[in-house]
Amino acid sequence: MPSGDNPPRTVISASWQRSLRAGIHPEVQAAPLIYDQSDIGDARSAHPLADLLPLLGHTLLQIADEAAHIMVVTDADGRVLWRDGHPGVLRRGDAIGLADGFAWSEEAVGTNGIGTALATRRPTSVYSREHLIKVLHHWSCVGSPIIDPDTGAVLGCVDISGTSATLPPATVALVGAAARLAESHLTLRMRERDERIRTRHQRRLRASGLLVTPSGRVIGGSRFLGARLTLPADGDRILMPDGESAYLESLGDAYLIMPAGFAEPRLTLTLLGTDHPYADLDGSRIPLTLRHAEILALLATHPRGLTAEQLSFLLYGDEGNPVTIRAEIHRLRAQFAGAVVAKPYRLLGNVDTDIKAVRRALTTGDLTTLTRLYQGPLLPRSESPAIRRERDELEARVRSELLTKGTPDALWSFAQTPSGHHDYEILERLTQLTPPSDHRHAIAQIRLL
């Protein structure tokens, strides 16, 4: 422990104890090398502090150079990613591994301004003989952690180090201020990102729901705003702080959380006899591309859900690619407020389609409803094998019902659809059931020619 009349500071005593438990010996001569020069470039470019390096340098480098000190910036594990400052001190730093790619956590070199600041999550100074390893007794350093405002995790450490027994009293405050300035910039970026997420998903957020970032921060909704929730590793349920269970839906860049007893979305799909299919979600009309209409049609006819592989095969056959399906589902889930969920992919809530309504009419023999709803084949432009099978089967059932039980009105309605316009059997049956004076009889005769 440090010698002298005064006992060691509490922060230093605690750090020595942690360091000794980690097996650090006072005779260690240098920090261990973690990154080769060929690897450190990737580590730098991937680190969230990379964009803030000019800010930190502008704040600290001038005073560091004038006072014969250096500035060091590490990642959350104390590995040095950047350093700059007085040339002479940089050279002396090389001898002890205070250089790019070396590790300065307490577990690597014991008590020091970088490792101890990371361990305590607060600005920390370590002077001369307060260092555990003897080779650092000619150094003093002040480090401050930089905390991610989004996750609350430590991103790294900014440090001022020099070859002197002490550092100017203002150094601790200055290094801490630089770290807080970096955090303020990260906070601004976070808030801008939050606003983009809110704008993107505002339509999906209902009165009783919450909009939550992937880190668990609540950024939208009337409850728990600003709180941080612990999101489950998997599954679609979450236990809320008030003890209630809620439903969790991934939106890609955020999560939608709805109370377990929330009113489920109402989704209606119009897919028959149109080149412009659309959905109605809780009263809002959403136009559908052909591919999205195909996916929704298949999910509607498979209420227990489908995997990406199953959807891919149904849509494309053996040539299908599940990666393509996942991308399309991602876009669909961004459009539909909790109505399209995953694991497996399925539709949630009160779902109805004109396909189901036609089938109900066939079952009950309600020809009026049948001919009103059946405006033509299912997604007539679709080449999907599964859609074609569904399309052919449904039309065959409709024709059979009309040919055996159809009234003149029902037959005439079907004859106005694209597929019924020149349907020989339908037109012939219509002429049989209508008198020659009926205009429908005459039109049917003309189409039969």
Of all the heavy-atom pairs spanning [X] and [Y], show the shortest one and how long it is.
X    : Y    : value
A31  : G97  : CB-O, 3.9 Å
S144 : A179 : OG-CB, 3.3 Å
P277 : A293 : CG-CB, 3.6 Å
L315 : P385 : O-CD, 3.2 Å
V172 : S125 : CG2-CB, 3.8 Å
P145 : V154 : CB-CG1, 4.3 Å

* To do: Would you mind listing every salt bridge (Lys or Arg N to Asp or Glu O under 4.0 Å) that reaches into residues 103-122, with sequence neighbours excluded?
  => R18-E106

[X] side chain near [Y] side chain, heavy-atom distance below 4.5 Å:
X    : Y    : answer
Y247 : V341 : yes
L248 : P232 : yes
L53  : L49  : no
Q375 : D354 : no
L373 : L272 : no
D150 : R193 : yes
I96  : W139 : yes
L81  : V73  : no

* Worked verdict on D242 versus R223 for salt bridge (Lys or Arg N to Asp or Glu O under 4.0 Å) -> CA-CA 11 Å; D242 58 9; R223 301 186 306 153; 3.0 Å; yes

* Asked: Does the side chain of E294 pick up a donor-acceptor pair with the side chain of S384 at under 3.5 Å?
  ->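 Side chains of E294 and S384: no pair found under 3.5 Å.
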
* Asked: Using a distance-only test with no angle check, is there a side-chain donor-acceptor pair under 3.5 angstrom linking S15 and T116?
  ->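 S15 vs T116: donor-acceptor pair found between side chains.
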
[X] side-chain N/O to [Y] backbone N/O, donor-acceptor pair under 3.5 Å:
X    : Y    : result
R237 : S245 : no
R9   : E130 : no
R198 : I219 : yes
S13  : T10  : no
T151 : S215 : no
R346 : H302 : no

* **Among I238, L225, V218, the one residue meeting side-chain contact (heavy atoms from CB on, under 4.5 Å) with L210** => V218

* Passing candidate, side-chain contact (heavy atoms from CB on, under 4.5 Å) with T74, options L155, V158, L118, I146 ->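 That would be L118; it is the only one of L155, V158, L118, I146 passing the side-chain contact (heavy atoms from CB on, under 4.5 Å) with T74.
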
If I take atom [atom1] from residue [X] and atom [atom2] from residue [Y], how far apart are they, to the nearest 0.5 angstrom?
X    : Y    : atom1 : atom2 : result
E328 : Y345 : CD    : OH    : 11.5 Å
N350 : R266 : CG    : CZ    : 5.0 Å
T289 : R331 : OG1   : CZ    : 9.0 Å
H185 : T187 : NE2   : OG1   : 10.0 Å
H292 : Q335 : NE2   : CD    : 6.0 Å
L306 : T301 : CG    : OG1   : 7.5 Å

Are there over 12 heavy-atom neighbours, none belonging to [X], within less than 6.0 Å of that residue's [atom1]?
X    : atom1 : answer
H137 : NE2   : yes
D275 : CG    : yes
R326 : CZ    : yes

* Give the intermediate values and the outcome of salt bridge (Lys or Arg N to Asp or Glu O under 4.0 Å) for residues E192 and R189. => CA-CA 5 Å; E192 292 173 345; R189 294 179 187 177; over 6 Å; no

* Take D366 and R372, measure what salt bridge (Lys or Arg N to Asp or Glu O under 4.0 Å) needs, and give me the verdict at the end. => CA-CA 10 Å; D366 184 353; R372 175 175 58 82; over 6 Å; no

* **Verdict with reasoning, L348 to E249, per side-chain contact (heavy atoms from CB on, under 4.5 Å)** => CA-CA 11 Å; L348 180 72; E249 165 67 8; over 6 Å; no

* Could you please spell out the steps behind the side chain to side chain donor-acceptor pair (under 3.5 Å) verdict for S38 and D36? => CA-CA 5 Å; S38 59; D36 291 329; 4.8 Å; no

* To do: Scan residues 39-63 for pairs that pass side chain to side chain donor-acceptor pair (under 3.5 Å), counting only residues two or more places apart or in two chains.
  => R44-D100, Q62-E66

* To do: Please assess N112 against D159 for the test side-chain contact (heavy atoms from CB on, under 4.5 Å), listing each intermediate value before the final yes or no.
  => CA-CA 10 Å; N112 71 93; D159 168 86; over 6 Å; no

* Apply the test side-chain contact (heavy atoms from CB on, under 4.5 Å) to residues H138 and T163: give CA-CA distance (whole Å), side-chain angles for both, the deciding distance (0.1 Å), then the verdict. => CA-CA 6 Å; H138 298 293; T163 53; 5.6 Å; no

* Under the salt bridge (Lys or Arg N to Asp or Glu O under 4.0 Å) rule, collect the residues that match up with D75, sequence neighbours excluded. => R79

* **side-chain contact (heavy atoms from CB on, under 4.5 Å) evaluation trace for L296 with L347** => CA-CA 8 Å; L296 290 173; L347 300 180; 3.8 Å; yes

* Asked: Among E383, E395, E393, which one satisfies salt bridge (charged side-chain N to carboxylate O under 4.0 Å, His left out) with R388?
  -> E383

